[in-house]
Protein chains: 2
Amino acid sequence: MLDERKRKVLSAVVTDYIASAEPVGSRTIARKYDFGVSPATIRKEMADLEMLGYLEHIHTSSGRVPSSKGYRLYVDNLLPPQEMRLSDEDKKLIDSWYKAKVKRVDEVFKETARIISKVTNNVSLLLAPQMSQAAYRCLQFLPLDESRAIAVLMTDAGFVENRIIDIPDGASFDDLRRVAGVFNDECAGYAIDALHPQCLAKIRQDVGDESLYEAALDVINRSLEGEKKERLYLGGTTQMLAQPEFQDVEKVKETLIMLEEEQLLKDILHAHRGEGLSVTIGSENKYDGVKDMSIITATYHLGGELLGTLAVMGPTRMEYGKAISMLNYMNDHIAEIIKQFRW
Amino acid sequence: MLDERKRKVLSAVVTDYIASAEPVGSRTIARKYDFGVSPATIRKEMADLEMLGYLEHIHTSSGRVPSSKGYRLYVDNLLPPQEMRLSDEDKKLIDSWYKAKVKRVDEVFKETARIISKVTNNVSLLLAPQMSQAAYRCLQFLPLDESRAIAVLMTDAGFVENRIIDIPDGASFDDLRRVAGVFNDECAGYAIDALHPQCLAKIRQDVGDESLYEAALDVINRSLEGEKKERLYLGGTTQMLAQPEFQDVEKVKETLIMLEEEQLLKDILHAHRGEGLSVTIGSENKYDGVKDMSIITATYHLGGELLGTLAVMGPTRMEYGKAISMLNYMNDHIAEIIKQFRW
DNA sequence: TGTTAGCACTCCTTTTTGTTGAGTGCTAAT
DNA sequence: ATTAGCACTCAACAAAAAGGAGTGCTAACA
């Protein structure tokens, strides 16, 4: 471990660089952060820190910049504790934002993403729960016309999915209703994925009619198809692009293109599923497009059950403290809000 | 009207500039487009065209660029007719894209926007129908638990909206069902906006119970609240940013910010509502953020009823022919696809 | 009379060259 | 161990110079 002064110097460099986005020199450190020593001494310390891999030089002359390793030490050991908590005012503000905007479950996610990006000035990512992980609640049919009906499928997590189906030849709407009853009796409360192995045989038997059974199963499967993919909510792209690291058109375009690769983003979030709060810094990323970005993820739960993932993504020069505290707070908060939409 | 040769020159300038994005000089025109005359002659013609306001000079020396007026003449009179039609291959390709992706109504819009931007390399905008303009079709309640139910509201255009409601004290689920029946008998087929003045009194009377009546009306109003705002689908932003007009970071950011102003975009599309196909070029735009953009809009209908608006937005240097033909095609096509989701 | 070659001129673009300044690294003195 | 002093590096900026595409005009030509 580094000695006290080296840590102070590293901390100062990181802090200053995060604030200014300019490589920071020994003079600045010595002046702004009251070390009782001269720039030359700081210089020595910085040279050491560079040797150890915590700082980097673009070229001789011109200040130092933290390396990923440097940020890592900073995040793990040097982050001022008071920066890890959100102020009460912030919390109130966030609450009021929610109250004003959120009317449906999916709006929770949208608004959460918006809030996170607004506060952190970086991109926020939100992976919303997979329906197939939620518990099946209820299948219902509504009459539409002689030959069609609307199937409505509900899950524990508050999602309702509907689609129009053709009533199989020879069957009546009442038949559909009966089938729904059978499914509901047998499956209520099970994770939808678990339908298949479990009780299909019994249901088939109870339904009796083969084509009706198939039709109902088809509805469930198709509804799932649309919902199975987790939904990714993205927010704050333009805000992030205002950061000084995006001076260069190529870089901007590159980043925008990266942010459109939904699968990549999902993969990244998946990689940290269930880890609680996780910080991945710059070159620590294994995906190419994000090696100069840092990603902070947090997985949110509801009653012990894994629900989804929140994340902040931005340049490695990022206000880690703020991002972490924000995610921590939202992580708890979102579960509470979703709870209001459960039944 | 310009004489034959002037028009040929203007057409050549526009064509070349659209293709190359570089100011075009007399030499280029004379060489590439076989006029039988020397650059000097072309030069004279270009000077005339500039005098008349069809071309512009950034500074002396360095070729000409079409003005908005120049593009206008080009679009109105000089556009090669064969560029106004999509090839059969393109059509087949588009069809297959739809088939592969679209499963729900809202996916029609999303996919349409994607396709338009993909083909035109510009931003596409799609204003999806307001629910309140659609006809009310059916209101249904589903039992949830002792004290709650799910309300499902359907419209003619294929939208289904659902939300959870509390069953009013003292009422049963069967009461709700009865109320739904009353509403359905009275209102089916009317535009939802027209509910209020029309038959509310009669419904109130039929329902009898005041609190139940209020509850049902509340459901309808709240469902509408979410749906009332037209939805704007946006596609192809990054593709457009690959165009050479976006070399400058400021310009990129500016444009991205403009594209996030949903209200502005909606206003722009609204301005051309019902106009069929409309082309607005650069300075013809009255909104500040888009004075160097061209916008082509088309309003799509379904059985005479106005549904929504499609648009392509991009730099004034745009392949107008392609964009127009694309919009024309999609305009017809989208109605057909939506039809499949109607009942 | 319309067309064209020739030429001077403009002004953007690119390259070159010089200047400045922040910052380092080393050394010798404290 | 610390620091003042100094030579050195290199990006960033600016000014100057060279290059080039293209125009506008004029005078000659068919």
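All chains are named by letter (A, B, ...) in the order of the sequence lines, taking the proteins before the strands, and each is independently numbered beginning at 1.
- Toward the 5′ end of DNA chain C lies the nearest nucleotide of R31(A), the other residue of the pair R31(A) and K44(A) mapping further downstream.
- Using a 3.5 Å distance cut-off with no hydrogens or angles, the side chains of D16(B) and Y33(B) do pair a donor with an acceptor.
- Comparing R5(A) and M46(B) by the nucleotide of DNA chain D whose heavy atom lies nearest to each, the residue mapping closer to the 5' end is R5(A).
- Remark: K291(A) NZ is packed, more than 12 non-hydrogen atoms of other residues, nucleotides or ligands lying under 6.0 Å away.
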Would you be so kind as to tabulate the donor-acceptor pairs closer than 3.5 Å made by side chains of residues 56-65 of chain A, with sequence neighbours excluded?
unit_1: H59(A); atom_1: ND1; unit_2: S61(A); atom_2: O; d: 2.7
unit_1: R64(A); atom_1: NE; unit_2: E50(A); atom_2: OE1; d: 2.9
unit_1: R64(A); atom_1: NH2; unit_2: E50(A); atom_2: OE1; d: 2.9

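- Rounded to whole angstrom, the span from the CZ atom of F35(B) across to the P atom of dT4(C) amounts to 12 Å.
- Judged by the 6.0 Å and 45° rule, K251(B) forms a cation-pi pair with F246(B).
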| Test log, rule side chain to side chain contact (heavy atoms under 4.5 Å, CB included), inputs M318(B) and T120(B) | CA-CA 9 Å; M318(B) 165 196 288; T120(B) 61; over 6 Å; no
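- Between L241(A) and V252(B), every side-chain heavy-atom pair lies at or beyond the 4.5 Å cut-off.
- Chain A approaches DNA chain D over the interval dT2(D) to dA11(D), counting the first and last nucleotide 5' to 3' with an atom under 4.0 Å from its heavy atoms.
- Under the 4.0 Å criterion applied to side-chain N and carboxylate O atoms, E4(A) and R7(A) are assigned as salt-bridge partners.
- For K110(A), the NZ atom sits in a loose shell: 12 or fewer heavy atoms of surrounding residues, nucleotides or ligands are nearer than 6.0 Å.
- The closest side-chain donor-acceptor pair between Y71(B) and S294(B), if any, does not fall under 3.5 angstrom.
- Expressed to the nearest 0.5 Å, how far CG of L125(A) lies from OG1 of T297(A) amounts to 10.0 Å.
- Checking L10(B), L79(B), V13(B) one by one against Y74(B), the side-chain contact (heavy atoms from CB on, under 4.5 Å) holds for a single residue, L79(B).
- Residues from residues 20-28 of chain B placing a heavy atom under 4.0 Å of any atom in DNA chain D, listed by number, are G25(B), S26(B).
- With rounding to the nearest 0.5 Å, the separation of OG1 in T309(A) from NE2 in H270(A) is 7.5 Å.
- Only S61(A), S62(A), G63(A), R64(A), listed by number, bring a heavy atom of residues 59-70 of chain A to less than 4.0 angstrom from any atom of DNA chain C.
- Not a single salt bridge (charged side-chain N to carboxylate O under 4.0 Å, His left out) links E22(A) to another residue, sequence neighbours left out.
- Against DNA chain C, the stretch residues 243-250 of chain A makes no heavy-atom approach under 4.0 Å.
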